[in-house]
Amino acid sequence: MRRTQVDVNIQTARAVGGKIYDWYEMVKRDLPWRRTRDPYKIWVSEVMLQQTRVETVIPYWNRFMELFPTIEALADAPEPDILKAWEGLGYYSRVRNLQKGAQVVREKFAGRVPDTLDEISTLPGVGPYTAGAILSIAYDVDVPAVDGNVFRVLSRIFLIEEDIMKPKTRRTFEGLAEFLIPTGRAASFNQGLMELGATICIPKNPRCQSCPVQEHCRALDEGMQEAFPVKEKKKPPRPVDMTAALLRDGDRVLIRRRPDKGLLAGMWEFPGGERVEGLSLEESLITHLTEAFGVTVAPQRLFAQVQHTFSHLQWDMRVFECAIVQGQVREHDDLKWVAVGELDAYTFPVAHGKVVKELGGLV
DNA sequence: TAGCCGTGGGC
DNA sequence: TGCCCAAGGCT
């Protein structure tokens, strides 16, 4: 028996596992992919269900089964056909991987979906969750299938405070989920855990009065249901004061290309940079341009102010119209004077694009 | 490890 | 409106 990092005695494990199993057998929804044991059809359903709601998946699964009823049919289908069948589901690499997987099954596994963790995990698009789901549901193998529902349900029952956003946390939950499986009944137990998470133990306002394991739930006991699972909140984007220079030469403006790596790699921008600690915006801009091109500029007026939020940064960018007071710009591949009317030919980040648009409006 | 990949629904 | 969330996996 694998040892879990969560302190659970065998009696509790048997009680919780059995109750979830019994409850699922009582209340399970009649879903189309629950009417088959065909590993291929269950595989397709599990991939469709990744990050996607059951109600959304049902019509897609039905249509997919008509179009590609077997591994052979999917393996041989033209890519445009499979994409069309997936249209509107999102995450389109899922269906490309599914087809690649079908081809691998045909060529390496004699057309039969593998029934071991090691083998099935070699299929593209089959990660730890999907592997466990297919093995348990289609082949009755007693392996866990830990998805977002399972994180939520188990973290509440056992008051697990590990951050579920950390990859290593998965092992804790897999160990516990495996420990809870009533022997030989992983198919219904695993689906029961997920069904419980989807219908009762929901993220907000969980329906604890209807829960089959309410008497075992430590979070309910402490009135802390909504504090679980523990999920490190994404840090809010760091605010950054950006500066940029609008330098004109007749109807042309100066743009430069960003480095090939890092944020907004390879895109074009109006030269500038982050505000330097201790300096004003204008002083920072002068410093950046001096260092970058060896020219001295004089900010003359604020041309535009643009806000743009990235996942990790929040730019408050001010674009100053500047004059060159000393030195000369030497053009090269990544630094050019470009007519305003030609700027469309260059790719700008959204923030700079707004400035380009404003410039265009002036022409 | 963190960023990326799509879409629809709930609040 | 703007988040968060939903049966994840890949790079």
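- Using a distance-only test at 3.5 Å, with no hydrogens or angles considered, no donor-acceptor pair links the side chain of A/Arg152 to the main chain of A/Pro229.
- Between C/dC5 and B/dG6, the two C1' atoms lie 14 Å apart (nearest whole Å).
- Through side-chain heavy atoms spaced under 4.5 Å, either directly or across other Ile, Leu, Val, Met, Phe, Trp or Tyr residues, A/Val329 is tied to A/Leu247, A/Leu254, A/Leu281, A/Leu285, A/Ile286, A/Leu289, A/Phe293, A/Val295, A/Val297, A/Leu302, A/Phe320, A/Ile324, A/Leu335, A/Trp337.
- Of the C1' atoms belonging to C/dC10 and B/dG8, the separation is 23 Å, rounded to the nearest Å.
- Across residues 125-149 of chain A, A/Gly125, A/Val126, A/Gly127, A/Pro128, A/Tyr129, A/Thr130, A/Asp147, A/Gly148, A/Asn149 each have a non-hydrogen atom less than 4.0 Å from an atom of DNA chain C (numbered order).
- A search for ring-ring contact (aromatic ring centres under 6.0 Å, His included) contacts involving A/Trp23 returns nothing, not counting sequence neighbours.
- Hydrophobic cluster membership of A/Ile137, counting Ile, Leu, Val, Met, Phe, Trp and Tyr whose side-chain heavy atoms lie under 4.5 Å apart directly or via other members: A/Ile42.
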Donor-acceptor pairs under 3.5 Å, side chain of residues 180-193 of chain A to any protein atom, not counting sequence neighbours: which ones?
unit_1	atom_1	unit_2	atom_2	d
A/Ser188	OG	A/Glu25	OE2	2.5
A/Asn190	ND2	A/Ser136	OG	3.0
A/Asn190	ND2	A/Val143	O	2.9
A/Gln191	OE1	A/Tyr24	OH	3.3
A/Gln191	OE1	A/Arg34	NE	3.3
A/Gln191	NE2	A/Ala187	O	3.1

Check the pair A/Glu226 / A/Lys204 against salt bridge (Lys or Arg N to Asp or Glu O under 4.0 Å), numbers first and verdict last. CA-CA 6 Å; A/Glu226 299 210 7; A/Lys204 293 189 176 172; over 6 Å; no
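- Counting only residues at least two apart or in different chains, ring-ring contact (aromatic ring centres under 6.0 Å, His included) contacts with residues 146-170 of chain A comprise A/Phe151-A/Phe173.
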Counting primed atoms plus P, OP1 and OP2 as sugar-phosphate and everything else as base, spell out the protein contacts along nucleotides 6-11 of chain B at 4.0 Å heavy-atom distance: B, S or - for each nucleotide, 5' to 3'. BSB---
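- Atom CZ of A/Phe270 and atom CE of A/Met317 lie 8.0 Å apart (nearest 0.5 Å).
- Put simply, A/Lys168 has no side-chain N or O that comes within less than 4.0 Å of OP1 or OP2 on B/dT1.
- When the P atom of C/dG8 is taken as reference, atom CG of A/Leu123 falls 18 Å away, rounded to whole Å.
- Between the C1' atom of C/dG9 and the CD1 atom of A/Ile120 lies a distance of 15 Å, rounded to the nearest Å.
- Both tests do not hold together for A/Arg94 against A/Tyr91: distance to the six-membered ring centre under 6.0 Å, angle to the ring axis within 45°.
- One interatomic measurement links the two molecules: CZ of A/Arg170 to P of C/dC10, which rounds to 11 Å at whole-angstrom precision.
- With sequence neighbours excluded, no residue forms a salt bridge (charged side-chain N to carboxylate O under 4.0 Å, His left out) with A/Asp221.
- Taking atom CG of residue A/Leu98 and atom P of nucleotide C/dC10, one finds them 12 Å apart after rounding to whole Å.
- With C1' as the reference atom, C/dA6 and B/dT1 are 23 Å apart, rounded to whole Å.
- Among the protein residues, A/Val54 comes within range of the nucleic acid bases, having at least one heavy atom under 4.0 Å from a base atom.
- Between the A/Arg318 side chain and the A/Ala304 main chain, no donor and acceptor come within less than 3.5 Å of each other.
- Summary of the strand contacts: A/Pro203 and A/Pro124 both lie near DNA chain C, and taking for each the nucleotide with the nearest heavy atom, the more 5' one is attributed to A/Pro203.
- Picking from C/dA7, C/dC10, C/dC5 the nucleotide with the shortest atom distance to the side chain of A/Lys231 gives C/dC5.
- For the pair A/Leu49 CG and C/dA6 P, the interatomic distance rounds to 14 Å; values are reported in whole Å.
- The stretch residues 22-31 of chain A touches DNA chain C through A/Arg29, A/Leu31, each having a heavy atom under 4.0 angstrom from the strand.
- Between the P atom of C/dG8 and the NZ atom of A/Lys166 lies a distance of 21 Å, rounded to the nearest Å.
- When hydrophobic side chains of Ile, Leu, Val, Met, Phe, Trp and Tyr are connected at separations under 4.5 Å, A/Val276 ends up clustered with A/Leu279.
- A straight line from CD1 of A/Ile164 to C1' of C/dG8 spans 12 Å, rounded to a whole angstrom.
- Contacts between residues 33-48 of chain A and DNA chain C, defined by a heavy-atom separation below 4.0 Å, involve A/Arg34, A/Glu46, listed by number.
- A continuous path of ILVMFWY side-chain contacts below 4.5 Å connects A/Val57 to A/Leu74, so both sit in one hydrophobic cluster.
- Not counting sequence neighbours, the partners of A/Phe68 by the ring-ring contact (aromatic ring centres under 6.0 Å, His included) test are A/Phe64.
- Between the CD atom of A/Glu195 and the P atom of C/dA7 there is a distance of 11 Å, rounded to whole Å.
- With respect to the salt-bridge test (charged N to carboxylate O, under 4.0 angstrom), the residues A/Arg106 and A/Asp76 qualify.
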